[in-house]
Amino acid sequence: MDTALAEITLVLFTTIAPAGVVGYVVMALAAICSRERERADRVSHYFVVPLVLVISGLIASATHLGTPANALYVITGVGRSPLSNEVVAAVAFLVLGGVYWIVSFRDDIGRAIRIAWLAATMLAGLVLVGFVAVAYTVPSVPTWSLPTAPATLWLNALSSGPAVGLFGLLLAGVDPGRKMSAIVLAVATVAAVANVVVLALEWQVLVGVVTTTTRAVDLVPAFPGVVAGYALLEAVSVALCAAALLRRPRKTADPFAAAASASRARRGRLVLVGAGTLLALIACFAVRFAFYAMHMTLGV
């Protein structure tokens, strides 16, 4: 518990940054698949939503460096330091995504350039998530050096990121459509179910992780409750998003009533998906907090 509280900024970073990357991927795919330039532009203008999540996590994690001067050593460790790899990958993603967001307000971006740029940014983002996932594979920390550790981080991202992407699309005034919404929510659901299974397996493995003075399960006695809470919050999150995006709007012959109804529907959808996004992030935050709480060094 003490480790998790001490590293709360890293808990936040490893929760919201991967979710932001997956949210960006969802929005980028919507922009790439759109044949309408105006629609693609609207989506591009709201890439700021997932980018803000990632940069907020990066800023929060910077407190882990101790002093700003230590940031200079990050660059020198690229290739051999997991922290350096994370930071450089995050900067690459944010630079690509940020510059594209600025350029997207111009009117002369061709579709081929848009697709290539977004593809490069998505790749950089996925590389970032990959580096974050393996950063905690430390042989001297047996509770972290498990195959389940990187799996849970990826599954966290895939279970919370889709809601971030859908929320960004709605903020942009873009209807993702029932087909895309169903696919994205299916990904989130499958990821959440898989995460529960992986976390249950992790708990079974932790039973056998002991030192001369400590049992891993004693460090996180509430772990089963955390997993149950994660499952519940994710289920509610998906249900809220599904209720907002998959139901059919009511039809009316009165154009004024139809316009008013559409406006109310847009606001309602935004509120529901926003609530679903927040619940998904809280669920993943709880899982990451438990991960840091189970820190146990060999010989201690």
Side-chain angles (χ1 to χ4, degrees), residues 12 15-59 93-94 96-107 109 114 117-118 121-122 125 157-185 187-188 233-234 236-247 249 259-285:
L12 183 64
T15 298
I16 65 176
V21 168
V22 174
Y24 187 96
V25 170
V26 171
M27 295 182 67
L29 290 176
I32 288 173
C33 294
S34 177
R35 293 288 180 177
E36 301 174 16
R37 180 185 180 86
E38 190 269 340
R39 176 186 170 96
D41 285 343
R42 289 210 313 272
V43 174
S44 298
H45 297 166
Y46 279 82
F47 278 138
V48 67
V49 174
L51 289 175
V52 164
L53 269 185
V54 177
I55 198 169
S56 298
L58 185 62
I59 291 172
F93 170 71
L94 290 171
L96 284 169
V99 173
Y100 174 83
W101 174 67
I102 294 172
V103 174
S104 71
F105 288 91
R106 296 171 57 95
D107 297 327
I109 301 180
R114 184 195 302 277
W117 201 329
L118 289 177
T121 308
M122 286 190 290
L158 291 170
S159 62
S160 58
V164 172
L166 291 173
F167 183 68
L169 290 175
L170 291 179
L171 274 179
V174 173
D175 185 350
R178 297 189 69 191
K179 182 177 180 180
M180 181 179 182
S181 298
I183 293 173
V184 171
L185 291 178
V187 170
L233 289 175
E234 286 288 356
V236 175
S237 171
V238 171
L240 289 174
C241 292
L245 298 169
L246 300 183
R247 63 183 179 183
S261 177
S263 179
R264 288 195 300 271
R266 282 194 295 270
R267 291 195 298 269
R269 295 170 88 190
L270 195 59
V271 169
L272 288 176
V273 175
T277 302
L278 181 60
L279 290 177
L281 291 173
I282 291 173
C284 293
F285 182 89

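Residue numbers start at 1 and run along the sequence shown. Given the structure is predicted, the values throughout are model-derived calculations rather than measurements.
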Does Ile55 CD1 have over 12 foreign heavy atoms under 6.0 Å away?
no
Applying side-chain contact (heavy atoms from CB on, under 4.5 Å) to Arg269 and Leu245, what does each step give before you reach the verdict?
CA-CA 7 Å; Arg269 295 170 88 190; Leu245 298 169; 3.3 Å; yes
Arg106 meets the side-chain contact (heavy atoms from CB on, under 4.5 Å) criterion, sequence neighbours left out, with Val103, Asp108
Do Ser56 and Ile16 have side chains that approach each other closer than 4.5 Å (heavy atoms only, starting at C-beta)?
yes
Full working for side-chain contact (heavy atoms from CB on, under 4.5 Å) between Arg37 and Arg114
CA-CA 10 Å; Arg37 180 185 180 86; Arg114 184 195 302 277; 4.2 Å; yes
If you round to the nearest 0.5 Å, how far is CG of Asp41 from CZ of Phe105?
9.5 Å
If I compare all heavy atoms of Ile282 with all of Leu233, which pair ends up nearest, and what's the gap?
CG2-CD1, 3.9 Å
Look at the side chain of Ser34 and the backbone N and O of Ala30, then say whether any donor-acceptor pair between them is shorter than 3.5 Å.
no
Separation between CG (Leu278) and OG (Ser237), nearest 0.5 Å, reads 9.0 Å
Would the Tyr100 and Trp117 ring centres measure less than 6.0 Å apart?
yes
Considering all heavy atoms of both residues, which atom of Leu240 and which atom of Gly276 are nearest to each other, and what is their separation?
CD1-N, 3.9 Å
Please evaluate residues Phe47 and Leu118 with respect to the criterion side-chain contact (heavy atoms from CB on, under 4.5 Å), reporting the C-alpha separation (whole Å), side-chain torsions for both, the decisive distance (0.1 Å), and the verdict.
CA-CA 11 Å; Phe47 278 138; Leu118 289 177; 3.6 Å; yes
Point-to-point distance, once rounded to the nearest 0.5 Å, from CH2 of Trp101 to CG of Leu51:
8.5 Å
Roughly how far apart are Leu53 CG and Leu58 CG, rounded to 0.5 Å?
12.5 Å
With rounding to the nearest 0.5 angstrom, report the OG1 to OH distance, Thr121 to Tyr24.
4.0 Å
Nearest 0.5 angstrom please: Cys284 SG to Leu158 CG, how far?
9.5 Å
Of the non-hydrogen atoms in His45 and Ser104, which two are nearest, and what is the gap between them?
NE2-O, 3.2 Å
In terms of side-chain geometry, is the basic nitrogen of Arg266 or Asp175 positioned less than 4.0 Å from the acidic oxygen of its partner?
no
Are the side chains of Val21 and Met122 in contact, using a 4.5 Å heavy-atom criterion?
no
Can you give me every donor-acceptor pair (side chain of residues 159-174, partner residue at least two apart or in another chain, under 3.5 Å) with its distance?
from, atom 1, to, atom 2, distance (Å)
Ser159, OG, Leu155, O, 2.9
Ser159, OG, Asn156, O, 3.0
Ser159, OG, Tyr230, OH, 2.9
Ser159, OG, Glu234, OE2, 3.2
Ser160, OG, Asn156, O, 2.8

